[in-house]
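Just the heavy atoms: all of them, side chains too, but no hydrogens, waters or symmetry mates, feed the values below. Note that ligands are numbered from 1 as they come in the structure, with each ligand's atoms numbered from 1 the same way.
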Amino acid sequence: MPEAVARPGTVPLARRRLLDSLGPLLREWLPRQRWFAGKGRPITGFELVSATDLLPPGSPQGLIHLLVRVKQPPASAEPPAPRSSDCYQLLIGVHQALPRHLAPALIGHARTGPLSGQTLYEALHDPRLADVLLEALRSRARIGSLCFEHDSETELPAKLPPRVLGAEQSNSSLIYGESYILKLLRRVVEGVNPDLELPLVLARDGCRQVPAPAAWFLADGSAGRGHATETSVLGVMTPFLSGAEGAWELALDALAARRPFTEEAHGLGRATGAVHASLGRALPTVTLGRAQLAVLARAMTDRLDGAAEVVPALREFAPRLRTAFTELGALDPAELAWSAQRVHGDLHLGQCLRQRSGEWSVIDFEGEPARPLAERRLPQPPVRDVAGMLRSFDYAARTLPRTAAQEHAAGPGGSVSDMGSGSAGEDPAAAGPDSSWYAEWAEDCRAAYCAGYAEVAGRDPRADPVLLRAYETDKAVYEVVYESRNRPDWVSVPMAAVRRLAAAAGPR
Ligand SMILES: Nc1ncnc2c1ncn2[C@@H]1O[C@H](COP(=O)(O)OP(=O)(O)O)[C@@H](O)[C@H]1O
Ligand SMILES: O=P(O)(O)O[C@H]1O[C@H](CO)[C@@H](O[C@H]2O[C@H](CO)[C@@H](O)[C@H](O)[C@H]2O)[C@H](O)[C@H]1O
């Protein structure tokens with residue numbers, strides 16, 4: 001079954017005709033957006049799920065909130081399930097003539113349909129329109145099927161100056177007055193979204209490692225639609241940790257200065273342990289029996305098989321990688337110290353921020369965006385997150401030497417926008433004279449992280465090597481697919497791990 005996306009309600013005909021104006025422009029514009037998940041597949045059509053005017057009639061400019069389903073042929077053997085359409089959240093500004101400062105936000109000039117003659121642009125970049133969202137959150141507005149909410153303890157100030165977060169991300173974020181950050185989810189799915197669900201649960205449990213949601217907005221499936229559908233989370237606002245530094249950047253800085261990162265890794269392990277302890281307290285846990293292990297092993301094997309269809313370079317390693325999953329399925333559950341519980345689901349260095357106080361925060365509980373929501377919300381052994389972080393230390397240690405080599409090759413003033421010419425088959429980081437230093441750096445981080453985790457969680461992930469190896473392998477396979485779709489120049493990074501994990505499996 002394809003994943004449920006927000007279904008079209010009774011969108012009036014006049015509104016549906018908006019697509020006559022927008023469709024030709026979106027066809028060009030969408031594939032250029034980092035957050036567009038359907039890159040590399042042709043767009044065969046659009047379907048309007050909802051269109052909501054956020055400004056009153058007669059305003060000199062327009063702000064249309066859109067949920068649009070984008071029809072595309074499914075990728076061949078796409079794991080985990082073929083999807084032929086995704087629903088995206090768009091905020092479209094409408095102007096007669098676009099002011100110069102908004103030029104980079106241009107989507108295009110409508111030539112047909114009801115907006116013919118108007119200039120359409122990405123409204124997040126327009127401070128006046130960003131303010132409309134803030135006001136809606138402040139006033140708990142209900143506009144059409146959109147429901148804006150804020151936490152009852154939170155008094156959101158008015159007129160906070162907005163700016164768009166420049167970072168590469170899977171969604172889009174607005175920062176208001178350096179006090180709050182509003183993440184607008186781009187690919188919208190129906191149902192309880194862990195990106196709001198888990199931080200709310202953690203906040204209620206008193207977990208200090210995760211910023212508590214201050215406000216959010218939803219598309220209420222039952223409001224203004226022809227038939228009841230489920231609610232979809234569209235945006236989540238949390239306090240902005242001003243001056244916080246990303247663990248990914250900190251790790252690369254340490255590598256560049258040839259400094260160890262073990263103290264930081266240890267702190268990150270403790271923070272992960274605290275988040276897991278809180279989730280384990282607040283939400284149900286499931287004992288891992290033979291049947292559960294078999295299901296996990298089957299799912300990992302299926303994902304590997306699907307991934308090998310998509311990325312042919314994986315095929316030669318698949319038989320050996322599969323042994324990690326076979327061993328998982330054959331584990332004696334009595335020997336395992338872990339239960340399954342809710343976890344972060346896509347933990348890596350980019351999801352951890354060091355506050356000015358030195359404390360670590362964990363963000364982005366959306367899980368792996370390509371997986372169906374129901375799967376992302378299943379209880380999992382917490383080792384899954386641990387494996388994600390262990391992979392991330394390896395990523396950092398392989399990324400820095402690649403970047404440095406590129407800078408060197410580009411010469412003074414050269415660009416390093418391309419992360420390397422590495423194809424799936426190469427491992428440039430392994431070839432350099434310093435490769436053992438980088439490998440040790442990652443190994444030390446991994447050990448320090450697990451030690452920090454064990455101090456808080458009471459269980460050392462290294463005590464269950466079969467479980468850990470299975471999850472690391474599963475993650476590396478996911479990363480190969482992720483990179484081949486989103487950042488093909490990075491594929492050699494997870495491919496190096498695939499090679500290492502396959503070699504460690506010995507003869508099949
Ligand atoms: N509460 C916060 N305080 C400061 N920066 C944040 C906060 N939340 C997110 N960020 C910044 O926004 C970036 C993207 O956030 P994230 O939730 O990971 O979005 P996405 O799912 O789009 O990747 C992070 O890498 C971080 O730099
Ligand atoms: O956008 P998200 O942060 O939700 O996660 C996706 O993108 C990540 C990259 O931005 C990707 O992470 C991979 O690259 C990181 C370095 O950029 C590295 O630290 C991670 O270990 C590696 O998995 C993530 O997998 C993907 O889901």
So which heavy atom in the protein is nearest [atom], and how far is it from that ligand atom?
| atom | answer |
| --- | --- |
| atom 5 (O) of ligand 2 | Asp346 OD2, 3.1 Å |
| atom 22 (C) of ligand 2 | Glu479 OE2, 3.4 Å |
| atom 21 (O) of ligand 2 | Ser392 OG, 3.0 Å |
| atom 11 (C) of ligand 2 | Tyr482 CE2, 3.9 Å |
| atom 4 (O) of ligand 2 | Asp364 OD2, 3.2 Å |
| atom 8 (C) of ligand 2 | His348 NE2, 3.7 Å |
| atom 10 (O) of ligand 2 | Arg34 NH2, 3.7 Å |

Using a 4.5 Å cut-off on heavy atoms from C-beta on, say whether the side chain of [Y] contacts that of [X].
| X | Y | result |
| --- | --- | --- |
| Tyr180 | Thr238 | no |
| Leu390 | Pro461 | no |
| Phe36 | Arg187 | no |

Is [X] in polar range of ligand 2, meaning some N or O pair under 3.5 Å apart?
| X | value |
| --- | --- |
| Trp490 | no |
| Glu366 | no |
| Lys475 | no |

With hydrogens left out, which residues have an atom under 4.0 Å from ligand 1, given that only heavy atoms count?
Leu165, Gln169, Ser170, Asn171, Ile181, Lys183, Pro211, Thr238, Pro239, Phe240, Leu241, Gly350, Gln351, Leu353, Ile363, Asp364, Glu366
Going by side chain to side chain donor-acceptor pair (under 3.5 Å), name the pairs with one or both residues in residues 386-396, residues two or more places apart or in two chains.
Arg391-Asp394, Arg391-Glu479, Asp394-Arg398, Tyr395-Glu483
Let me check something: any side-chain donor-acceptor pairs from residues 341-348 under 3.5 Å, sequence neighbours excluded? List them with distances.
residue : atom : partner : partner atom : Å
Gln341  : NE2  : His276  : O            : 3.0
Arg342  : NE   : Arg377  : O            : 3.1
Arg342  : NH1  : Glu197  : OE1          : 3.3
Arg342  : NH1  : Glu197  : OE2          : 3.0
Arg342  : NH2  : Glu197  : OE1          : 2.9
His344  : ND1  : Asp346  : N            : 3.0
His344  : ND1  : Leu347  : N            : 3.2
His344  : NE2  : Ile363  : O            : 2.8
His344  : NE2  : Asp364  : O            : 2.7
Asp346  : OD1  : Lys475  : NZ           : 2.8
His348  : ND1  : Gly350  : N            : 3.1
His348  : NE2  : Gln351  : NE2          : 3.3

Donor-acceptor contact below 3.5 Å, side chain Ser357 vs main chain Glu359
yes
Determine whether a donor-acceptor pair (N or O, by modelled atom type, separation under 3.5 Å) exists between the side chain of Lys183 and the backbone of Leu234.
no
Can you find a side-chain donor-acceptor pair between [X] and [Y] that sits under 3.5 Å?
| X | Y | answer |
| --- | --- | --- |
| Gln355 | Ser361 | yes |
| Ser278 | Asp205 | yes |
| His65 | Gln89 | yes |

Of all residues at least two apart in sequence or in a different chain, which pass the salt bridge (charged side-chain N to carboxylate O under 4.0 Å, His left out) check with Glu245?
Arg354
How are the rings of Tyr88 and Trp35 set relative to one another: parallel (under 30°), tilted (30 to 60°) or perpendicular (over 60°)?
tilted
With respect to atom 18 (C) of ligand 2, which of Phe393, Tyr395, Trp35 exhibits the smallest heavy-atom separation?
Tyr395
Taking only heavy atoms of Tyr478, which atoms of ligand 2 are found under 4.0 Å from at least one of them?
25 (O), 26 (C), 27 (O)
List ligand 2 atoms under 4.0 Å from Ser170, heavy atoms only on the residue side.
1 (O), 2 (P), 4 (O)
Report yes or no: does Gln351 have a heavy atom closer than 4.0 Å to ligand 2?
yes
So for Arg487, does at least one of its heavy atoms come nearer than 4.0 angstrom to any atom of ligand 2?
yes
Report the C-alpha distance between Asp460 and Tyr453 in whole Å, list the side-chain angles of each, state the deciding distance to 0.1 Å, and finish with yes or no for side-chain hydrogen bond (donor to acceptor under 3.5 Å, both in side chains).
CA-CA 7 Å; Asp460 192 322; Tyr453 184 89; over 6 Å; no
